[in-house]
Amino acid sequence: MKNELFEQWVTLTKEAAEPMMKLNELSARAMEQTARQQLELARDYLDLGARQVQLMGNVQDPQKWLSDQSELANEFSKKLTGRAEAFVVLANKTQKELSDWAEQNASKAKEKMGKVV
C-alpha cells in the first residue's frame with residue numbers, strides 16, 4: 001500500500017513537472033533568440049555611429065557629405081525594417097508555440113479530470 005501510494009505520488013509529480021519544463025524550454029529559447037536579435041540591433045547602431053564618424057572625418061565637399069549621410073540613413077532604415085520584421089516573426093512563432101503548449105496541456109488536464117470524476 002505504501003509503495004503504491006509513493007509510486008502514484010512520483011507519477012503525479014512527474015506529470016505535473018513535465019509541462020512546466022516544456023514551458024521553461026520555450027521561454028528560454030524565446031529569450032535567447034530575442035537577446036540575439038537585440039545584440040544584432042546594437043551592432044547595427046554601433047556600425048552606423050562608426051560610419052557617421054568616418055564620414056565626418058572625410059568631409060571635403062558638403063554636398064557629397066549630405067548625399068553620403070542620406071545614403072547611410074536609407075541603408076540603416078532598411079536594416080531597422082528587417083530587424084523589426086524579424087522581431088515580429090519571432091513574436092508570432094513564440095505566441096504559436098505557447099498557444100500550442102497551453103492547448104495541449106489543457107486537453108491533458110481535461111482528460112485527467114474526466115478520469116477522476
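- Taking a cutoff of 4.0 Å between a charged side-chain nitrogen and a carboxylate oxygen, Glu25 and Arg29 qualify as a salt bridge.
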Mind running side-chain contact (heavy atoms from CB on, under 4.5 Å) on Leu23 and Met20 for me, showing each step along the way? CA-CA 5 Å; Leu23 178 62; Met20 297 313 294; 3.8 Å; yes
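- To the nearest 0.5 angstrom, Glu32 atom CD is 13.0 Å from Ser27 atom OG.
- Annotation: Gln69, atom CD; neighbour count of heavy atoms from other residues, nucleotides and ligands within 6.0 Å is above 12.
- Using a 4.5 Å heavy-atom threshold, the side chains of Arg43 and Leu39 count as touching.
- Tracing side-chain contacts under 4.5 Å through hydrophobic residues (I, L, V, M, F, W, Y), one never reaches Leu26 starting from Leu90; they form parts of separate clusters.
- Side-chain contact between Glu40 and Arg83 is present, with heavy atoms from C-beta onward closer than 4.5 Å.
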Show your working on side-chain contact (heavy atoms from CB on, under 4.5 Å) between Leu80 and Tyr45 and close with a plain yes or no. CA-CA 10 Å; Leu80 283 181; Tyr45 273 102; 4.1 Å; yes
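- With Thr11 contributing its side chain and Glu7 its backbone, the two residues share a donor-acceptor pair below 3.5 Å.
- Panel note: side chain Thr94, backbone Ala91; no donor-acceptor pair is recorded below 3.5 Å.
- We find the CD-CG distance between Gln52 and Asp47 to be 10.0 Å, quoted to the nearest 0.5 Å.
- Looking only at distances, no side-chain donor or acceptor of Ser67 sits under 3.5 Å from a matching main-chain atom of Gln63.
- Cluster annotation: Val89 and Phe87 are assigned to distinct hydrophobic clusters (Ile/Leu/Val/Met/Phe/Trp/Tyr, side-chain heavy-atom contacts under 4.5 Å, transitive).
- Panel note: side chain Thr81, backbone Ser77; a donor-acceptor pair is recorded below 3.5 Å.
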Chi angles and distances behind the side-chain contact (heavy atoms from CB on, under 4.5 Å) call for Leu48, Asp44: CA-CA 6 Å; Leu48 172 68; Asp44 291 343; over 6 Å; no
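- Taking CG of Leu98 as the start and CD of Glu103 as the end, the distance is 12.5 Å to the nearest 0.5 Å.
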Given the rule in the side-chain contact (heavy atoms from CB on, under 4.5 Å) test, do Trp65 and Asn58 qualify, once you have shown the distances and angles that lead to the verdict? CA-CA 8 Å; Trp65 177 79; Asn58 296 329; over 6 Å; no
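- The cluster map of Ile, Leu, Val, Met, Phe, Trp and Tyr, joined by side-chain heavy atoms under 4.5 Å apart, puts Leu72 and Met56 in the same cluster.
- Trp101 contributes no side-chain N or O that, together with a main-chain N or O of Lys22, makes up a donor-acceptor pair within less than 3.5 Å.
- Ionic pairing of Glu15 and Lys108 is not present here: no N-O contact between side-chain nitrogen and carboxylate oxygen is shorter than 4.0 angstrom.
- A salt bridge links Lys64 to Asp68: at least one charged side-chain nitrogen sits closer than 4.0 Å to a carboxylate oxygen.
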